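Reviewing the structure listed below.
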Protein chains: 2
Amino acid sequence: MSEVPTGESLLFLTDEQLRQGIEAMYFAYRGFTSAPDQILEGISYGRAHHRALHFISRAPGMNVNRLLAILGVTKQSLNRVLRTLIEDGLVESRVGTADKRERHLYLTEEGAALEKSLSEAQRAQMRAAYRKAGPEAVAGFRQVLESMMDPELKRLYSALREG
Amino acid sequence: MSEVPTGESLLFLTDEQLRQGIEAMYFAYRGFTSAPDQILEGISYGRAHHRALHFISRAPGMNVNRLLAILGVTKQSLNRVLRTLIEDGLVESRVGTADKRERHLYLTEEGAALEKSLSEAQRAQMRAAYRKAGPEAVAGFRQVLESMMDPELKRLYSALREG
DNA sequence: CACATTAAGTCAGTCTTGTTGACATTCCAA
DNA sequence: TTGGAATGTCAACAAGACTGACTTAATGTG
């Protein structure tokens with residue numbers, strides 16, 4: 001947690017090393033999204049739909065505000081996506097019991113099936129990368145990613161694991 | 001290169017672990033782009049302009065086809081971005097000497113200045129993340145990112161380093 | 001030389017995903 | 001009971017991607 005880097009890590013962080021990291025992140029992110037994108041093209045959905053399905057699947061019963069905070073978009077933008085998913089019978093929106101203003105979101109069977117196919121494609125890609133790199137590399141990967149997150153996003157990310 | 005994982009790595013790659021990796025990648029990518037995005041809003045440029053400036057800076061004299069391959073967009077899409085950058089005097093397009101059909105791209109002084117401010121903001125963010133995570137984590141991070149790349153993109157990524 | 005191909009640029013139209021702003025509805029809580 | 005919060009909706013717009021068709025200029029080849 002020291003703010004002062006060691007001589008070695010200071011040496012390590014040349015602009016060139018950082019630039020390579022930036023480019024690696026850029027190219028890798030494209031690989032990261034390509035598998036689900038391939039499934040999505042053809043059916044009339046995009047990445048925004050995938051993201052909504054993912055997080056609803058991850059935390060079923062989540063209300064709209066929570067999902068908005070996670071996705072970091074405006075409610076108008078999310079609403080368009082959510083509306084099509086609800087109309088198409090992939091997502092169910094239930095009025096809250098404690099607070100009836102809230103809408104709680106759930107995947108229908110059909111929604112869960114699509115989410116599963118998308119997430120399986122993405123996991124397969126991730127699994128291949130993890131295996132190529134090995135467990136120790138994966139631990140480092142996760143550490144750096146967490147360090148890159150905005151504190152608020154990191155909070156939301158951690159909350160997903162803790163329920 | 002073995003297709004059969006060891007017992008340990010098999011244990012490691014639970015769906016939950018993979019899902020956390022996927023989410024980490026998603027949240028981290030948002031942190032990754034936020035610093036340059038902040039500079040870009042206000043001036044009338046977006047991420048597409050940033051990417052073009054970055055790679056022209058990285059490989060000055062690059063022709064349009066090469067940049068198209070790196071960015072993975074259509075020429076119509078790139079052209080819109082490139083045209084504004086040239087009109088605004090940030091990028092210079094020189095007719096090729098060997099092959100006069102080609103246009104070679106260079107940053108002007110002004111273009112280099114903007115690129116520098118964008119890349120410094122992004123590097124600062126990356127540097128902070130790297131320092132928090134430590135050198136060993138960074139090595140793992142880089143390894144996993146490279147494993148995630150599409151082979152063609154990895155080729156382009158590597159070519160950037162080798163000149 | 002004539003013709004095909006390549007590199008680059010352009011025009012027109014479309015789609016997804018994001019944005020603002022304005023407004024209605026519902027319902028909780030002080 | 002009234003103000004504010006949560007939600008939803010309408011309209012307009014912008015960035016950034018796409019396809020398809022086409023031009024121009026330069027190059028390569030039969």
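Bear in mind the structure is a predicted one, so any value in this text is a computation, not a measurement. Letters A, B, ... are given to chains in the order of the sequence lines, protein chains preceding strands, and every chain is numbered from 1.
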Within less than 4.0 Å of OP1 or OP2 of C/dT16, is there a side-chain N or O belonging to A/Arg80?
no
So, is A/Ser77 near the phosphate of C/dT17, with a side-chain N or O under 4.0 Å from OP1 or OP2?
no
Distance check needed: D/dA15 C1' versus B/Glu41 CD, whole Å only.
14 Å
Rounding to 0.5 Å, atoms NE2 (B/His104) and CE (B/Met62) come to a distance of 11.5 Å
In whole angstrom, what separates B/Arg30's CZ from C/dT17's C1'?
14 Å
Identify whether NZ of Lys or CZ of Arg in A/Arg94 sits under 6.0 Å from the centre of the six-membered ring of A/Tyr106 and within 45° of that ring's axis.
yes
Rounded distance (Å) that lies between atom P of C/dA7 and atom CG of B/Leu105
14 Å
How would you label the contact of B/Arg66 with the nucleic acid (heavy atoms, under 4.0 Å): base, sugar-phosphate, or nothing?
nothing
Measure the distance from CG on B/Leu85 to P on D/dG16 and round it to the nearest whole Å.
10 Å
May I have the distance from B/Asn63 (atom CG) to C/dT6 (atom P), rounded to whole angstrom?
15 Å
Can a side chain N or O of A/His49 be found less than 4.0 Å away from OP1 or OP2 on C/dT17?
yes
Describe the nucleic acid contact of A/Ala52 in one word from base, sugar-phosphate, nothing, applying a heavy-atom distance below 4.0 Å.
nothing
C/dA8, OP1 or OP2 - any side-chain N/O from B/Asn79 closer than 4.0 Å?
no
Under 3.5 Å donor-acceptor pair, B/Arg101 side-chain atoms to D/dT27 base atoms
no
Could you check whether the rings of A/Phe27 and B/Tyr157 sit parallel, tilted or perpendicular, using 30° and 60° as the cut-offs?
perpendicular
Any side-chain N or O of A/Arg47 less than 4.0 Å from the OP1 or OP2 oxygen of C/dT16?
no
Minimum-distance nucleotide (side-chain atoms of A/Asp99 versus D/dA17, C/dC28, C/dT17)
C/dC28
Separation of A/Arg103 atom CZ from C/dT25 atom C1', in whole Å?
10 Å
Heavy-atom closest pair (B/Leu82 atom, B/Ile56 atom, distance to 0.1 Å) is CD1-CD1, 4.2 Å
Given that A/Gly72 and A/Thr97 both sit by DNA chain C, which one's nearest nucleotide is further toward the 5' end?
A/Gly72
How long is the straight-line distance from CD of B/Glu102 back to OG of B/Ser93, given to the nearest 0.5 Å?
11.0 Å
Earlier contact from the 5' end, DNA chain C, for B/Leu68 and A/Val81
B/Leu68
Would you mind reading off the distance between B/His50 atom NE2 and D/dA17 atom C1', rounded to a whole angstrom?
19 Å
Less than 4.0 angstrom between a side-chain N/O of A/Asn65 and OP1 or OP2 of D/dT7, yes or no?
yes
Would you say a side-chain N or O of B/Thr74 is under 4.0 Å from OP1 or OP2 of D/dC18?
yes
Of the nucleotides D/dG8, D/dC22, C/dC27, which has the atom closest to the B/Lys75 side chain?
D/dC22
Spacing between A/Glu87 atom CD and D/dT9 atom P, to the nearest angstrom
9 Å
Donor/acceptor link under 3.5 angstrom from B/Gln76 side chain onto base of D/dG16:
no
Quick check on side-chain hydrogen bond (donor to acceptor under 3.5 Å, both in side chains): which of A/Lys116, A/Gln122, A/Arg123 does A/Ser119 satisfy it with?
A/Arg123
